[in-house]
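Numbering of ligands and ligand atoms starts at 1, following listing order. The basis for the numbers below is simple: all heavy atoms, side chains too, and nothing from hydrogens, waters or symmetry mates.
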Amino acid sequence: MNSVRHASRADQSKVIEIWSECGLVKPQNDPLDDFNLALATSTSTVLVLENSGEMIGAVVVGFDGHRGWFYYLGIKPDFQNIGNGRTLVSAAEAWLIQQGAPKAMLMVRHANSAVIEFYEKLGYNVEDTSVLGKRF
Ligand SMILES: CC(C)(COP(=O)(O)OP(=O)(O)OC[C@H]1O[C@@H](n2cnc3c(N)ncnc32)[C@H](O)[C@@H]1OP(=O)(O)O)[C@@H](O)C(=O)NCCC(=O)NCCS
């Protein structure tokens, strides 16, 4: 039995373990800071997917006042390819719609471009846009 809920501080280590197992932790990002900041910010949250009480997935979702964004979407490897990613994205979309976001966006690293097919199956399109960044 699957269910989705908002993460709390107590979920920190389990969520980061999932992100690590999924290859989502990169040297330039501290997942602990990212988790805490997402929970501390009023327009973002971390959603976790549980299967019979066991945490099997997590995603950061936030609304910036114009678009909704997903980050760190990961499903434990043993639970992939059975619809769990779809379930968690649907829950994140429902949360964004509730916040008033008109559109969901996400970024995929070029090294992980195989995952684009997953998002396309969920109705996402690759857009003709370059993403620029500046670290503070
Ligand atoms: C990407 C990820 C979240 C997908 O979760 P999942 O639970 O395996 O996906 P689902 O089972 O819900 O798949 C939904 C659909 O996408 C397809 N799909 C899933 N992963 C895919 C992939 N890598 N390539 C192509 N299609 C894929 C499934 O076959 C399924 O298709 P169907 O509806 O026709 O049956 C999961 O593979 C993961 O955690 N990967 C590692 C972390 C990662 O790359 N995250 C994304 C960062 S941008």
Side-chain angles (χ1 to χ4, degrees):
M1 173 73 180
N2 277 355
S3 57
V4 177
R5 65 172 173 81
H6 291 269
S8 71
R9 282 287 180 117
D11 297 311
Q12 235 175 31
S13 53
K14 275 188 188 161
V15 167
I16 290 165
E17 199 180 301
I18 290 174
W19 289 343
S20 302
E21 278 183 90
C22 289
L24 295 170
V25 174
K26 302 294 169 191
Q28 65 272 28
N29 297 321
D30 181 332
L32 191 59
D33 286 350
D34 291 344
F35 176 89
N36 288 334
L37 191 56
L39 284 197
T41 303
S42 62
T43 57
S44 60
T45 188
V46 180
L47 296 177
V48 295
L49 176 65
E50 292 181 322
N51 177 257
S52 304
E54 180 190 355
M55 194 188 296
I56 60 164
V59 63
V60 169
V61 56
F63 178 39
D64 63 14
H66 184 61
R67 300 287 187 234
W69 287 87
F70 304 139
Y71 301 89
Y72 280 108
L73 173 71
I75 300 293
K76 267 186 166 206
D78 286 353
F79 293 86
Q80 290 178 3
N81 288 312
I82 50 171
N84 287 314
R86 187 186 285 276
T87 299
L88 195 49
V89 169
S90 294
E93 289 172 349
W95 184 83
L96 285 174
I97 290 167
Q98 211 175 34
Q99 307 308 303
K103 184 178 178 184
M105 312 279 291
L106 59 107
M107 292 178 272
V108 174
R109 291 175 194 284
H110 290 308
N112 196 20
S113 58
V115 83
I116 288 174
E117 208 177 313
F118 160 74
Y119 288 112
E120 285 177 336
K121 289 203 164 169
L122 272 56
Y124 289 77
N125 299 306
V126 176
E127 300 198 335
D128 187 18
T129 307
S130 297
V131 176
L132 284 78
K134 179 179 179 180
R135 194 169 284 278
F136 299 129

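Each of L96 and L39 belongs to its own hydrophobic cluster when Ile, Leu, Val, Met, Phe, Trp and Tyr are linked at side-chain heavy-atom distances under 4.5 angstrom. W69 and V60 fall within a single hydrophobic cluster, where Ile, Leu, Val, Met, Phe, Trp and Tyr side chains are chained together by heavy-atom contacts under 4.5 Å. When the side chains of ILVMFWY residues are joined at heavy-atom separations under 4.5 Å, either directly or via intervening members, I116 and F70 end up in a single hydrophobic cluster.
Atom 24 (N) of ligand 1 is approached by the protein to below 4.0 angstrom, counting heavy atoms only.
One option in K121, E120, Q80, E117 has a heavy atom closer to atom 15 (C) of ligand 1 than any other, and that option is K121. Closest to atom 28 (C) of ligand 1 by heavy atom, among I56, L49, N81, is N81. The heavy atom nearest to atom 4 (C) of ligand 1, considering only F79, F118, Y71, is found in F118. Within the set R86, R109, M107, K76, the minimum heavy-atom distance to atom 33 (O) of ligand 1 is found for R86. Taking only non-hydrogen atoms, the option from I18, L88, L73, I75 nearest to atom 43 (C) of ligand 1 is L73.
Contacts classified as salt bridge (Lys or Arg N to Asp or Glu O under 4.0 Å) and involving residues 46-58 (residues at least two apart or in different chains) are given here: R5-E50, E54-K76.
Residue contacts with ligand 1: A114 is included, with a non-hydrogen atom under 4.0 Å away. Taking 4.0 Å as the cut-off, Y72 does not count as a neighbour of ligand 1 on heavy-atom distance. I82 counts as a contact of ligand 1, since one of its heavy atoms falls under 4.0 Å from the ligand.
Here L24 has side-chain heavy atoms under 4.0 Å from ligand 1, and that is the only part of it that gets that close. Contacts between F70 and ligand 1 below 4.0 angstrom, taking non-hydrogen atoms only, are absent altogether.
Ligand 1 places these atoms under 4.0 Å from at least one heavy atom of G74: 39 (O). Counting the atoms of ligand 1 from 1 in the order shown, those under 4.0 Å from a heavy atom of C22 are 39 (O), 41 (C), 42 (C).
To the nearest 0.5 Å, atom CD1 of residue I75 and atom CZ of residue F118 are 7.5 Å apart. Here the straight-line distance linking atom CG of L88 with atom CG of L73 works out to 5.5 Å at 0.5 Å rounding. In this structure, CD in E21 is found 7.5 Å from CG in D78, a value given to the nearest 0.5 Å.
For ligand 1, the polar-atom distance check finds an N/O of G85 within less than 3.5 Å of one of the ligand's N/O atoms. The N/O atoms of N112, backbone and side chain alike, include one that comes under 3.5 Å of an N/O atom in ligand 1. The distance criterion of under 3.5 Å between nitrogen or oxygen atoms is met by G83 with respect to ligand 1.
Contact check for V15 versus Y72: no side-chain heavy atoms found under the 4.5 Å cut-off.
Applying the salt bridge (Lys or Arg N to Asp or Glu O under 4.0 Å) test to E127 and every residue at least two apart in sequence or in another chain returns K103.
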